[in-house]
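Below, all heavy atoms of this structure are taken into account, side chains as well, without hydrogens, waters or symmetry copies. Atoms within each ligand, like the ligands themselves, are counted from 1 in listed order.
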Amino acid sequence: MKRDCDLALHPQAQSLASRYAGRTVLAIGAHPDDLEIGIGGTLAKLARDGARVVMVIASCPKDFDVRMAEARRGAEILGCEMRLLLDGGPQRLEDVKTCDLVGLLDAVIREHEPAAVLTHSDRDFHNDHLLIYNACLPTQRLRYFDFFSYHPTNCRPVPVQFHPRAYVDVSDTIDAKMHAISAHASQFGGRGLDTEMYREFAHMQGRMVGVPYAEGLDVNRMLLS
Ligand SMILES: [Zn+2]
């Protein structure tokens, strides 16, 4: 595949495998499809390279059976496990007290002892996404994990300020990402919405760092040794 600049060799780039292989990575999203849109390529790459990746979907507020089936399919395509935080049926995040949400996420952190957590950012515009980001923040007190935020996620383009501080080269998993997004047919094909903008966006982010496709992350906490 044609590369866009001479940065392509990246002698200083550390592979995800060297940091997370054999360890658990938690990806936390407010709704089914957020993780595929935000970091589908990263999750597929982590799983392929030997990390145990658990996709935590916080809530499924409506169309429960359809959307959970789509979420299971999306996770399967990416090679990840999936679990629902507010399980047992459709629930809205804003109906849950903040302390209860933090308690549920604390339990997930204690259970999985992750090496890294990826979730929404404080730059997001969807209140549910902000609720999850804010509930993830205090879980940092429980143990050390690398902590990243992904680009605000949406089904239609919305202007937001998000400035990645790290990029994951997803050139060899972009097709898995697109496939996993397409698994959420009720949100895209079923509503006449196109998913190609996610490939275009990954391409644009890739150009920032000289690879065909990338996903940008904000770094909330990262230990370098
Ligand atoms: Zn969402």
**Q** Is there a side-chain contact between I132 and L101 in this structure, where contact means two heavy atoms from C-beta onward sitting under 4.5 Å apart?
**A** yes
**Q** Are H129 and D124 linked by a side-chain donor-acceptor pair shorter than 3.5 Å?
**A** yes
**Q** Strictly under 2.8 Å, is any N, O or S atom of H129 next to the Zn ion (ligand 1)?
**A** yes
**Q** For the Zn ion (ligand 1), find the closest N/O/S atom belonging to H31 and write down its atom name.
**A** ND1
**Q** Should the pair E111-R83 be classified as a salt bridge under the 4.0 Å nitrogen-to-oxygen rule?
**A** yes
**Q** Return yes when at least one N/O/S atom of D128 is nearer than 2.8 Å to the Zn ion (ligand 1), and no when none is.
**A** no
**Q** Is E70 salt-bridged to R73, going by a charged N under 4.0 Å from an acidic O?
**A** no
